[in-house]
2 protein chains.
Amino acid sequence: MIYTVGEAAKQLNVTPSTLRYYDKEGLLPFLERSGSGIRMFRDEDMSWLKMIDCLKKTGMSIKGIKHFMDCCMEGDSTIDDRLAIMGSQRDSVVQQMQEMQEMLDMLNFKCWYYQTAKDAGTCTVFDTMALEDFPEHYRKFIDPAKKNQ
Amino acid sequence: MIYTVGEAAKQLNVTPSTLRYYDKEGLLPFLERSGSGIRMFRDEDMSWLKMIDCLKKTGMSIKGIKHFMDCCMEGDSTIDDRLAIMGSQRDSVVQQMQEMQEMLDMLNFKCWYYQTAKDAGTCTVFDTMALEDFPEHYRKFIDPAKKNQ
DNA sequence: GCTTGACTTAAAGTTCACTTTAGGTTGTAC
DNA sequence: GTACAACCTAAAGTGAACTTTAAGTCAAGC
């Protein structure tokens, strides 16, 4: 199966211009054209696009992705480089997820906080609350210096 | 304890210019100044900054953060709005984490793939491998249309 | 054969979130 | 009292990642 830039873009949930931009930046060295110059995305190219999407979503820059793709085109001599790139990207994602979890904990606290305030009708409900009145796992978010959390 | 913009910035691991920029954009409505116009960050302001940092790190725009801060300054009349904002931000983070997990799975596959190629000295090692030769949890990443994964 | 929608390019424009620059003021240390 | 680092503002500049525009080409349906 062969897709045009518009069809490929739809599958990836991006605009055709984005794919053309990626092409211009050298992210799609695998891409072939028809005799009249039209981009032809094959099924295996869609796999490449998914990989690019993965790197993009995990925070790699266009330049970084281009470097990886260049390595991929080079062949076996770059296996070590590619392994290193994947390894550091994985480490980065693990870190990002840890940070995300911390942020989620804080947001969960805020949801509880505003839900409690909503139920009481006012944020002043917390003024008379002692630290022990807060659910245990939320206590770490409470700033004694701050009235309105 | 009171901090200058430079001290506050150091605690948050940002530059002083960033905090001045946030101030200019209206993200720091709580912030007070000394008689000579110098920004004074109190301990409870550092809590506000942590909240702003949390929203920023979870992908909220400067404009979105400003809106939230404005609600915070308004008082009890905006409790519902703030609860809604925190709720949707939490949902967004849950989604982001799910996506991150999928990306991590893919990167783990790629690490295994390149490690295997490295051990063999060539990517052609996969040419003779049947689907059953791949670890089970990695099989979903294999594209039959694609030689070099 | 002609319309129409999708494709092509190069180049300019946009948005976001800072960052830098220029010119000036403040406050602590000697 | 003077040096010097850190503060101040307004405004211009930066970099990343697209997005839009303009002018033209291609291919399927009538």
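Below, chains carry the letters A, B, ... as their sequence lines are ordered, and counting in each starts from 1.
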- At their closest point, which heavy atom of B:Leu107 faces which heavy atom of A:Met86, and how far apart are they? CD2-SD, 3.8 Å

- Donor + acceptor pair across side chains of A:Asp105, A:Gln101 (<3.5 Å): yes

- All heavy atoms of B:Leu27 vs all of B:Ile52, minimum pair found to be O-CD1, 3.3 Å

- Going 5' to 3' along DNA chain D, which nucleotides are the first and last within contact of chain A (any atom under 4.0 Å from a heavy atom)? D:dA17 to D:dA27

- Answer yes or no: are there more than 12 heavy-atom neighbours, outside B:Asn13 itself, under 6.0 Å from its atom CG? no

- Message: Any carboxylate oxygen within less than 4.0 angstrom of a Lys/Arg side-chain nitrogen, looking at A:Arg42 and A:Asp45?
- Response: yes

- Message: Are A:Met46 and A:Gln11 packed together at the side-chain level, in the sense that at least one heavy-atom pair is separated by less than 4.5 angstrom?
- Response: yes

- Item | Under 3.5 Å donor-acceptor, B:Thr78 side chain and B:Asp81 backbone | no

- Task: Starting at atom NZ of A:Lys10, determine the distance to atom C1' of C:dA6, rounded to an integer number of angstrom.
- Result: 11 Å

- Message: Pairing donors with acceptors under 3.5 angstrom, does anything connect the side chains of B:Asp119 and B:Gln115?
- Response: yes

- Task: Check DNA chain D against residues 18-32 of chain A and give the residues with a non-hydrogen atom under 4.0 Å, in numerical order.
- Result: A:Thr18, A:Tyr21, A:Tyr22

- Message: So B:Ser17, base contact, sugar-phosphate only, or nothing? Heavy-atom distance under 4.0 Å.
- Response: base

- Task: Kindly state which residues belonging to residues 39-72 of chain A come within less than 4.0 angstrom of DNA chain D, counting heavy atoms of the residue only, listed by number.
- Result: A:Lys56, A:Ser61, A:Ile62

- Query: Does the A:Arg39 side chain pair with the main chain of A:Leu31, one donor and one acceptor, at a distance under 3.5 Å?
  - Reply: no

- Task: Please state how far atom CD1 in A:Ile2 lies from atom C1' in C:dA6, giving the value in whole angstrom units.
- Result: 17 Å

- Scan for side-chain hydrogen bond (donor to acceptor under 3.5 Å, both in side chains) pairs involving residues 47-62 of chain B, sequence neighbours excluded, and state none if there are none. A:Glu99-B:Lys57, A:Asp143-B:Ser47, B:Tyr22-B:Lys56, B:Asp53-B:Lys57, B:Thr58-B:Gln89

- Query: Taking the six-membered ring for Trp, are A:Tyr113 and A:Phe126 ring centroids under 6.0 Å apart?
  - Reply: yes

- Query: Can you tell me if the side-chain N/O atoms of B:Thr15 get under 4.0 Å from OP1 or OP2 in C:dT19?
  - Reply: yes

- Would you call A:Asp70 and A:Arg82 a salt bridge, using N to O less than 4.0 angstrom? no

- Listed by chain and number, what are the ring-ring contact (aromatic ring centres under 6.0 Å, His included) partners of A:Tyr138, not counting sequence neighbours? A:Phe109, A:Trp112

Polar pairs (N or O, both sides) under 3.5 Å between protein and nucleotides 21-26 of chain C?
residue, atom, partner, partner atom, Å
C:dT26, O3', B:Ser36, OG, 3.4

